[in-house]
Amino acid sequence: MIWWDWTANRRRKLIALMLALAASPWLLIGEVFEDWREMAGGTALLFIAQIVAWLLYVGLATGRMPSGYSRAERRSEAPIWFWATGVAYAGVLLMLLWMIVITMSLGL
């Protein structure tokens, strides 16, 4: 099963890959040497969007939505909390994507 049966090492590798993908725009563009704070903030913003998208995907694919405090909402046991968590993840993802689109359109 996706994520739930994975070892800690495999999970860490996925997180590291997501972090590398989030940092890649700054490394490829070459802007990293001007201001390290920009790289940290931009990487964090892109990383949060990837993590939230991954949690939403895992929840919808497996029926166990990861939530806070090492818990998981199951679709079969608590459908209201499962879908409420999914809607919250989707809302955060849409807000982050909106922020990225607005920033790109303003040329900042």
Side-chain angles (χ1 to χ4, degrees):
M1 186 183 300
I2 300 173
W3 186 256
W4 300 108
D5 294 336
W6 289 7
T7 62
N9 191 27
R10 189 171 179 190
R11 288 180 183 185
R12 272 189 236 113
K13 286 180 183 177
L14 176 70
I15 300 287
L17 176 67
M18 286 183 184
L19 187 59
L21 286 173
S24 65
W26 284 267
L27 297 174
L28 293 175
I29 293 171
E31 301 270 334
V32 72
F33 299 108
E34 291 180 19
D35 192 357
W36 284 97
R37 292 174 294 179
E38 288 179 9
M39 181 186 171
T43 300
L45 182 68
L46 295 176
F47 186 61
I48 290 169
Q50 289 180 26
I51 289 290
V52 171
W54 176 253
L55 293 175
L56 186 61
Y57 171 73
V58 167
L60 293 175
T62 63
R64 284 177 66 187
M65 189 75 68
S67 61
Y69 307 106
S70 300
R71 293 189 340 232
E73 306 297 340
R74 293 180 184 267
R75 189 180 317 166
S76 60
E77 294 175 6
I80 293 174
W81 286 110
F82 175 85
W83 289 110
T85 305
V87 167
Y89 285 157
V92 169
L93 188 61
L94 288 173
M95 182 192 67
L96 288 167
L97 292 175
W98 177 77
M99 287 171 54
I100 292 168
V101 167
I102 290 297
T103 303
M104 289 175 65
S105 69
L106 293 175
L108 298 175

**Report entry** Intermediate values then yes/no, side chain to side chain donor-acceptor pair (under 3.5 Å), W3 and T62
**Finding:** CA-CA 9 Å; W3 186 256; T62 63; over 6 Å; no
Can you list, pair by pair, the side-chain donor-acceptor contacts under 3.5 Å of residues 42-56, counting residues two or more places apart and other chains?
residue: T43; atom: OG1; partner: M39; partner atom: O; Å: 2.7

Single-linkage hydrophobic cluster L14~Y89, side-chain heavy atoms < 4.5 angstrom = yes
Is W4 linked to W6 within one hydrophobic cluster, defined over Ile, Leu, Val, Met, Phe, Trp and Tyr using a side-chain heavy-atom separation of less than 4.5 Å? yes
Rounding to 0.5 Å, atoms OG (S105) and CD1 (I100) come to a distance of 12.0 Å
Co-membership, hydrophobic cluster, residues V92 and L60, 4.5 Å side-chain:
yes
Tightest non-hydrogen contact, residues P66 and T85, listed as O-CG2, 4.1 Å
Contacts of A20 meeting side-chain contact (heavy atoms from CB on, under 4.5 Å) (sequence neighbours excluded), chain-then-number -> none
message: Pair R12, I15 - check side chain to side chain contact (heavy atoms under 4.5 Å, CB included), show working.
response: CA-CA 5 Å; R12 272 189 236 113; I15 300 287; 5.7 Å; no
**Message:** Quick check: do S76 and F82 have side-chain heavy atoms less than 4.5 Å from each other?
**Reply:** no
Interatomic distance, CE@M104 vs CG@L106, rounded to 0.5 Å, equals 11.0 Å
R71 meets the salt bridge (Lys or Arg N to Asp or Glu O under 4.0 Å) criterion, sequence neighbours left out, with E73
Give the cluster check for M99 versus V101: same hydrophobic cluster or not, with ILVMFWY residues linked at side-chain heavy-atom distances below 4.5 Å.
no
For the side chain of R75 and the backbone of M65, is there at least one donor-acceptor N/O pair under 3.5 Å apart? no
Next item on the list: Look at the side-chain heavy atoms of Ile, Leu, Val, Met, Phe, Trp and Tyr, link any pair under 4.5 Å apart, and say whether V87 and L96 land in one connected group.
Entry: no
| message | Would the distance check show the side chain of R74 and the main-chain N or O of G63 forming a donor-acceptor pair, the cut-off being under 3.5 Å? | response | no
